**Student:** 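I have a structure I would like to understand better, so I am pasting it below and will then ask my questions one at a time.
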Amino acid sequence: MNFSSTQYLVFISAVFLIYWHTRRPYQNLFLLLASYFFYACWNGRFLSLIFLVTIVDYLCGARIHRARSAASKKRWLALSLAVNIGTLGFFKYFNFFVETFVSAAHSIGWPASFSTLNILLPIGISFYVFRSMSYSLDIYRGTLQPTRSFVDYALFVSFFPHLAAGPITRATELIPQLERKRAFSGEDLEAGLTRFLWGFFNKTFIADTLAFYLVDPVFAAPGKYSSATLWFAMVGYTLQIYADFSGYSSMGIGSARILGFRLPENFDLPYMAVNISEFWRRWHMTMSRFFRDYIYFGLGGNRKGKGRALFNVAVTTVASGLWHGAGMTFILWGALHGLYIVLYHFWSGRWARRAEPALYNLLPAWFFTQAAVCLSRVLFRSADLSTASVYFKGLVSSSGMETMEVPPLVWMAIFFFVIDHVAGWMVQRNPGPAERIPVSLRAMAYAAMILFLFHACLESANAFIYFKF
Amino acid sequence: MHSSTLSSEKAIEEVAIEEMKEAPVWRRLLRLRHLSPVVFHTALFLLLAHLIVAAVMPLLVSDEIYLSLYLGKDARESTKRFLDGKHPFLLYDPILGWRNRPDVKHDKWIIDEQGARTTHRVGTSSSRKRYVLFLGDSLINGSMNVSNAETLSAYIEDASTESINFATMLYTLDQIYLDYKERLGRYKVDVVVVGLPGEESTPGLLNQYIPFRVRAENKMPFLKPRFEMRSDALSMLPVPSLQVYEGLLKTPALLKTLEKTDAYYGEFSGYKRFGLMPGSNVIYSLYKKIRAEARLTGETDEGMPILKKLIDRMALQGRERNAAMVFVALPDLKTVAPRLWQRVLPDRYAARVKELKGEGYTLLDVRPALRESGLPPEELFDADGVHYSSAGNRIIAAALKRVLEHLGEEVCLDSESKRPLV
């Protein structure tokens with residue numbers, strides 16, 4: 001059940017009405033059952049994995065908290081990590097590691113032969129495993145008290161607005177909200193619905209239009225297109241992935257808001273970033289902070305010297321790449337971003353501080369940052385390394401001559417994307433004028449947007465890109 | 001004075017708002033205007049738009065424009081390709097509506113020069129074998145995901161049996177009957193196997209324009225012939241000529257005719273009022289879905305007398321040419337393995353089979369064979385849950401072979417008991 005499907009609209013409407021008419025002690029239980037139903041609409045069998053991760057981390061969290069010795073705490077944490085990483089590793093990476101090992105063995109002349117398994121990738125596994133794992137880690141680090149209520153904990157792991165594709169909410173952010181009484185408010189209803197609508201627009205119009213008319217055809221056969229088309233599709237994909245993922249996040253945040261919950265923001269206008277570090281502070285923020293807090297700081301951060309800090313950056317970004325998918329393209333994408341960050345730190349240490357934050361400095365900085373991000377997207381989107389290689393070669397000297405005829409809808413999607421980004425940036429700097437827009441005008445715009453979406457894209461909605469992670 | 005009145009009004013309003021905070025949510029939602037002015041006004045504008053579209057627009061907008069919107073871009077393009085003779089799989093036919101385009105290869109789906117999906121050239125066998133003619137829709141023709149050698153007609157073949165598969169996408173029994181009359185005249189066949197798509201076998205008999213019944217079928221927005229019952233006799237409503245066909249999206253004449261001849265015209269009328277706006281569309285779609293799932297469509301029984309009459313005629317003409325007739329009831333995935341909530345609904349498939357068996361037709365119900373195959377139901381079907389996989393076809397073929405062994409006994413057979421039933 002996609003957020004952009006009619007079924008979801010019916011589902012969330014029913015959940016909203018029943019939830020707010022359910023007595024407080026049963027509200028969380030109702031949401032938990034609704035969340036399991038939501039997940040079971042994809043594949044009910046994989047609910048067992050969610051149950052496993054939930055039960056293990058709930059018990060391990062309690063045990064870590066109660067353990068008196070550091071060794072005992074470590075043992076329970078190790079169990080939690082083993083189950084979480086083991087589950088994720090098996091379902092997401094088993095075949096990749098086997099194939100990589102066999103291929104490496106063949107390359108050194110050892111005729112290794114191992115069978116891969118026909119393993120389905122459970123939707124959202126990377127998200128709920130990380131979410132659940134962070135609970136044990138936070139208790140171990142002493143930043144969180146375990147919750148007594150199993151239902152609250154299970155709902156934290158499986159809450160449907162963030163279940164399938166984030167945001168990767170921390171226990172400290174959601175469990176306190178689950179434990180206290182929620183009050184229905186018009187403010188939440190309005191903020192939630194408008195946020196959902198904006199996310200819906202981003203996903204079903206901007207992302208799907210770019211995917212259908214531009215990105216998918218070009219990335220399917222990059223060898224036959226001219227350099228100009230390849231550059232254009234690369235930029236198109238950069239816009240598509242943001243509209244797709246931020247659209248999903250907005251729909252999740254909006255859904256949670258109408259139920260009285262605040263989920264953390266996942267994006268903060270990443271394409272306005274003027275350096276790569278800033279980009280990562282603005283892009284998929286809940287994932288970035290997870291990697292920063294648990295891997296980068298876990299490895300020692302920058303406390304053990306500059307060389308070690310750079311190594312830690314590399315490990316963190318490669319792990320981030322691997323988290324996105326079991327493939328060499330993702331690992332290289334992560335490594336490339338690691339290289340960007342290392343280069344940026346060298347550059348900023350030597351020259352950047354001298355630069356004034358004036359427009360003539362910011363514009364090139366913005367341009368080079370976003371160009372670097374765009375180029376890395378080729379690795380992220382390509383089906384395999386050979387496709388990526390053809391694509392990169394095509395960018396500099398095209399073998400194909402076909403130039404794609406771009407339909408007006410694509411230009412319209414790009415136009416709305418730019419408007420969204422620039423308007424968001426302006427509102428962030430000065431929210432006053434936006435707040436003064438008359439209610440009737442805003443309402444008319446929302447109504448027009450709903451009608452436009454209904455006719456433009458409801459029936460052609462694609463699955464979300466981040467579901468497969 | 002004026003400012004004190006205003007402030008007291010404001011105070012009253014604030015008290016009312018405070019009181020409302022304690023009220024149940026449904027009561028607060030009824031006062032949406034105070035709760036959230038933006039949501040209230042958005043809903044108001046949308047409601048206004050819905051009213052205009054449902055009540056005013058049909059008076060101003062022509063049916064041809066509505067039809068164009070109803071069909072959508074893909075169906076309009078498919079219509080044009082079909083009328084220009086450029087449809088990849090099908091050709092216009094003045095009697096049948098459409099027929100297979102000869103010599104087509106699309107991945108595993110291969111149609112020979114005669115328009116048949118067969119593994120070899122029909123009638124080239126040196127020794128005289130038993131010829132089995134297969135007629136029906138895509139369930140008999142076979143999914144595009146199975147090869148010609150994995151179709152039901154191919155699996156039936158052995159040293160003594162040869163098959164000819166002329167089944168065509170989306171054919172209903174009226175078209176099958178017209179096709180059958182022509183085929184029997186051209187081929188010397190021993191057995192004719194006709195596929196009946198389970199409980200779906202009658203709705204199509206009341207339909208002339210495919211999109212009215214199945215809007216999603218945007219690759220085949222075609223017109224078909226149909227029969228009406230007049231004074232207990234069948235009367236044919238033919239396929240319009242190509243010239244009339246071409247005017248469908250331009251002039252109202254054909255639409256006016258279809259309003260009288262197509263029992264599913266109501267779907268189009270419903271679309272005009274409820275399909276163009278999101279709220280009414282969701283409610284209307286939900287209503288239709290529940291009605292379809294609950295199998296309360298109501299129109300199936302109207303088609304039953306036509307179905308029986310057509311089967312009678314086919315059986316009679318088969319006897320005249322010494323060809324045995326076997327009808328095969330073909331269930332879909334949800335009929336073979338209904339979900340928990342579907343099990344509480346009446347089993348209309350079983351009722352249909354029982355009714356036809358009661359008429360004494362040679363009817364094979366393949367559902368028991370599929371259920372007892374030991375394979376998970378999903379493996380018997382394509383991903384669409386309607387067409388059969390290679391495994392599904394093999395199981396149906398085995399059940400059909402058992403029936404063919406008993407031919408001549410003039411009995412109904414049930415694949416479950418593997419013995420003739422009287």
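Numbered from 1 within each chain, the chains take letters A, B, ... in sequence-line order. If you're wondering where the values come from, they're calculated on a predicted model, not measured in any experiment.
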**Student:** Taking atom CZ of A:R442 and atom NE2 of B:H41, what is their separation to the nearest 0.5 Å?
**Tutor:**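 Taking CZ in A:R442 and NE2 in B:H41, the distance rounds to 11.5 Å.
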
**Student:** How about OH on B:Y66, more than 12 heavy atoms from neighbouring residues, nucleotides or ligands closer than 6.0 Å, or not?
**Tutor:**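 More than 12 heavy atoms, drawn from other residues, nucleotides or ligands, come within 6.0 Å of this atom.
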
**Student:** Answer whether the closest heavy-atom distance between the side chains of A:F184 and B:L35 falls below 4.5 Å.
**Tutor:**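 In contact.
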
**Student:** Any idea which heavy atoms bring B:S36 and A:G186 closest together, and the distance?
**Tutor:**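 Scanning both residues, the minimum pair turns out to be CB-O, 3.9 Å.
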
**Student:** Heavy-atom count around B:R339 CZ within 6.0 Å, excluding the residue itself: above 12?
**Tutor:**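 For B:R339, atom CZ is not crowded (no more than 12 foreign heavy atoms under 6.0 Å).
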
**Student:** Within a strict 4.5 Å, meaning less than it, do heavy atoms of the A:I450 and B:T42 side chains meet?
**Tutor:**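 Sidechains of B:T42 and A:I450: in contact.
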
**Student:** Shortest non-hydrogen contact from A:A447 to B:F45?
**Tutor:**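 Answer, listing the atom of A:A447 first, then B:F45: CB-CB, 3.8 Å.
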
**Student:** Check whether B:A43 gets within reach of chain A through its side chain, its backbone, both or neither, counting any heavy atom under 4.5 Å.
**Tutor:**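 Neither part; nothing is under 4.5 Å.
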
**Student:** Could you pull out the closest heavy-atom pair between A:L451 and B:P278, with the gap in Å?
**Tutor:**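 Minimum heavy-atom contact is CD2-CD, 3.6 Å.
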
**Student:** Under 4.5 Å heavy-atom distance to chain B, tell me which part of A:F16 shows up: side chain, backbone, both or neither.
**Tutor:**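 Contact with chain B is through the side chain of A:F16 alone.
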
**Student:** Non-hydrogen atoms of chain A under 4.5 Å away: do they reach the side chain of B:L276, the backbone, both or neither?
**Tutor:**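 Contact with chain A involves both backbone and side-chain atoms of B:L276.
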
**Student:** For B:R33, does the CZ atom sit with more than 12 other heavy atoms under 6.0 Å from it, leaving out its own atoms?
**Tutor:**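 Check fails, neighbour count at 12 or below.
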
**Student:** Would the number of heavy atoms belonging to other residues, nucleotides or ligands and lying under 6.0 Å from CZ of A:F37 be above 12?
**Tutor:**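 Not buried by this count: 12 neighbours or fewer within 6.0 Å.
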
**Student:** Might you confirm whether atom CZ of A:F51 has over 12 heavy atoms from other residues, nucleotides or ligands at distances under 6.0 Å?
**Tutor:**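 Yes, enclosed.
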
